[in-house]
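What follows is a short report on a single structure.
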Amino acid sequence: MGKTEIQQDTYLVGLGVSPGIGIGRICLLNRLYHVAEWEIDESEIEGEVLRFKNALTEAVTQLNQVKQNVASQPHLREHIYIIDTHLLILEDEMLVGNTEKLIRQKTNAERALSQTLKQLRLMFESIEDDYLRERSSDLDAVGQRLLRILSGITDTTLELVKEKSLIAAHDLSPADTMQLDRSKVVGFLTDRGGKTSHTAILARSLGIPAVVGLESATAVVDNEMSAIIDGSTGVIVLNPSEETFKEYLKRKLAFEYLEKELARYRDLPAETSDHHKVMLRANLEIVSEVPVALEDGAVGIGLYRTEFLYMNCSTPPGEDVQFAEYSEIVERIAPHPVTIRTLDAGGDKFIPDMSLENEVNPAMGLRGVRFSLREIDLFKVQLRAILRASAVGQVRIMFPMISGVAEIRACKRILAAVQKDLEHEGISFDSQVKIGIMIETPAAVMVAPLLAKEVDFFSIGTNDLIQYCLAVDRGNEHVAYLYEPLHPAILRALKQVCDAAKAAGIEVSMCGEMAAEPMYVPVFLGLGLDELSMNHACIPRVKRVLRNLSRTDGEVMLKELLELATGKEISAHLDREMRKRLPDIFGEFVI
Ligand code: PEP
Ligand code: MG
C-alpha cells in the first residue's frame with residue numbers, strides 16, 4: 001500500500017499550463033523504466049542494427065496510426081504537425097546515424113539509442129530560449145517510443161484509462177496527449193514539462209486541466225489515489241479531505257460557469273468602460289495555431305517567435321521556406337497585422353553548420369539580435385523573407401534582445417540594404433513596413449527615450465526583462481520566489497518604457513507572459529499600453545477585466561501601487577482592490 005497511505009490534503013505545486021479543475025482518481029502511466037545494457041559480439045552487430053531499424057519502422061507505423069486517429073477528430077486536426085515532427089525526428093541523421101555508429105562499437109541498441117538521446121538532449125538543454133529548449137520533449141517522446149518498442153513494451157496503457165482518471169506520468173508525449181479520451185480524463189499531471197511544451201499547448205487545445213513540471217510527483221502518487229488538479233494555479237491535492245473536496249467542487253462549478261460566460265467576450269471589442277481601446281493579440285509559434293487564436297478574439301499576432309521554424313529544419317530554412325511560412329500566417333490573419341520577430345536563438349547549437357562553443361552564461365551570451373548581427377547572411381535571408389511577406393498583408397518587424405541604439409541602427413542598416421536588393425530585383429514588399437524592438441534588457445529601459453527615436457514601436461518582453469532586472473534566472477526553481485512581475489523595480493521600468501514611448505509618439509505593447517494576467521490589467525491601463533500580446537487562450541479573460549474597468553481606474557491604481565515598497569505589498573494591494581472593484585471576477589472563487 002505504501003504510497004496510498006499518503007496524508008490527507010497533501011499538496012504538490014507545479015506549473016499550471018491548462019486551466020480548469022479536475023477531480024478523480026490517479027491513473028499512473030509510469031513511462032520510466034530501466035534501459036537494459038549489454039555488450040554485443042562482432043557477429044551480432046548486423047542483427048542489432050537490423051533490430052534498431054525494425055524499431056524505427058514500427059515507430060513510423062505507430063505514429064501513422066496516431067495520425068489517422070487524430071485526422072478523424074476535427075478539433076485535433078490542426079495538431080497533426082506534431083506527429084509529423086516526430087516522424088521527421090525518426091529520420092534524423094544524428095539520431096539514426098549516431099545510434100548505428102554506437103551499435104557498431106559493440107553495444108546493444110537500447111544503450112546506443114539512450115546514449116545518442118543523451119547527447120542530443122545536452123545540445124537542446126544548452127539552448128537558453130525556453131520555447132526551443134522545451135522542443136527537446138519531442139525528441140524525448142520519440143526516444144521513449146523507440147525504447148519501448150526495443151524493450152518489447154506494448155503501448156496499450158492509454159487504452160486502460162477508466163472514467164474520471166487523472167493521468168499521472170513522468171512525461172506525457174504530445175502523441176499520448178492527443179489520444180487522451182476527453183470523456184474519461186479529468187486532467188493530467190507530469191513530472192517533466194514546461195509552459196510552452198507541445199504537451200501543454202495541446203492540453204489547452206483539448207481543454208484538459210494540466211499541471212506539469214512537478215519533478216517527482218510520480219514517485220508519490222499511486223493508482224486509484226483520489227486527487228484534485230487545479231490547472232490554473234498548478235496545485236495538486238492528493239487524498240483530499242471532505243472539506244477540500246467541497247471547496248474544489250465549488251471552484252470547479254465556478255470555473256465551468258465562467259468558461260461559458262467568457263465565450264461571450266470573444267466577439268466583444270477590447271475596450272474599457274470609458275471606451276479606451278487596447279489591442280489584444282496572440283503570441284504565436286506555429287502557423288496551425290492561427291485559427292484558434294482568431295477564435296479566441298485575437299486581432300492579429302503581437303509576437304511571432306520564428307525560432308521554431310529554424311528548429312525544425314536540418315539546415316537553416318531558406319528564404320522560400322521562410323517566406324511560405326510567414327506569408328501563410330500573414331494571409332490567414334488578415335486584415336490584422338503580424339509582428340514577426342527575427343530569430344531569437346538563446347544558444348545557437350541547434351542551427352546546423354554553426355559549431356559555436358558552449359556558452360558559460362548563455363542568458364547573457366550570443367542570443368537574439370547579437371547572433372543575427374554576427375551571422376549577417378542568415379539574418380539577410382530572414383529579412384528578405386519577412387519583407388516579401390509584407391507584400392501579402394500587414395507585417396511588422398521586431399528585433400529581440402536590443403540593448404542599445406547602436407544595435408538597432410545596425411539592424412536598420414542591414415534591413416535597408418536588403419530592401420535595396422529587393423528593389424533592384426523588382427521584388428515587391430511594403431516599403432513602409434513598421435520596425436520595432438523588444439524591450440527586454442535593463443539597458444534598453446534606461447535608453448528607451450533614445451531607442452524610441454529609432455523605431456515605430458516597442459514591445460516589452462517581461463519574461464526576460466524581469467529576469468535581467470531582478471537578476472533571477474527565469475527557469476531556475478530555486479530563485480522562482482524572487483521572480484516578481486510586480487516588484488517595484490519592474491513597475492518603474494515598465495513606466496519608464498511606456499512614458500518614453502508616449503513622449504516619442506510611438507506604440508508600446510507587452511508580449512511577455514505578464515500580459516496574460518487578468519489581475520494586472522489596471523497596471524497595463526495605468527501604463528497606457530496600446531497592445532497586449534499573449535497566449536490566445538488568455539485573451540477572453542483579459543478582455544473581460546478590461547471591459548469592466550475604466551482607464552482612470554487603472555491610472556489611479558497604478559499611482560497607488562507605485563508608492564508601495566515591496567512586490568508583496570503591491571500584489572496584496574492590487575488583489576484587495578480588484579476583489580473590491582470586481583467581486584464577480586476576483587471574489588471568492590478566483591479562477
Ligand atoms: C520575453 O522575453 O518576454 C519574450 C516575450 O520573449 P521570449 O519569451 O521569447 O524570450
Ligand atoms: Mg525574450
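Hydrogens, waters and symmetry mates are skipped; everything else that's a heavy atom, side chains included, is used. For ligands, and for the atoms within them, numbers begin at 1 and follow the listed sequence.
- To the nearest 0.5 Å, atoms CG (Leu280) and CZ (Arg541) are separated by 14.0 Å.
- The line from CE of Met401 to CE of Met438 is 10.0 Å long, rounded to the nearest 0.5 Å.
- Heavy atoms from other residues, nucleotides or ligands lying under 6.0 Å from NZ of Lys502 number more than 12.
- In this structure, Arg388 forms a cation-pi arrangement with Phe323, its terminal cationic atom sitting closer than 6.0 Å to the ring centre and no more than 45° off the ring axis.
- Residue Lys495 qualifies as open at atom NZ: its count of foreign heavy atoms under 6.0 Å is 12 or below.
- Checking each of Arg396, Arg341, Glu325 against Tyr304 for a side-chain hydrogen bond (donor to acceptor under 3.5 Å, both in side chains) leaves exactly one that passes, namely Glu325.
- Look at Arg341 and you'll find a heavy atom under 4.0 Å from some atom of ligand 1.
- Residue contact check: Cys511 has heavy atoms under 4.0 Å from atoms 5 (C) of ligand 1.
- Residue Asn283 does not touch ligand 1, judged by heavy-atom distances below 4.0 Å.
- Against a heavy-atom cut-off of under 4.0 Å, Gly461 is close to the following atoms of ligand 1: 1 (C), 2 (O), 3 (O).
- Salt-bridge check for Asp296 with Arg266: passed, with a basic side-chain N closer than 4.0 Å to an acidic carboxylate O.
- Taking every heavy atom of both residues into account, Ser533 and Ala515 meet most closely at O-CB, 3.7 Å.
- Close to ligand 1: Met438, with a non-hydrogen atom less than 4.0 angstrom away.
- Asp464 has its closest N, O or S atom to the Mg ion (ligand 2) at the position named OD2.
- Taking only nitrogen or oxygen atoms, main chain and side chain alike, Glu440 reaches within less than 3.5 Å of ligand 1.
- Within the listing of ligand 1, atoms 3 (O), 5 (C) sit less than 4.0 angstrom from a heavy atom of Gly512.
- Considering just the N/O/S atoms of Glu440, the one nearest the Mg ion (ligand 2) carries the name OE1.
- Ligand-side atoms of ligand 1 in range of Leu303: 5 (C), range being under 4.0 angstrom from any heavy atom.
- Residue contacts with ligand 1 for Arg305 involve side-chain atoms from C-beta outward but no N, CA, C or O (heavy atoms, distance under 4.0 Å).
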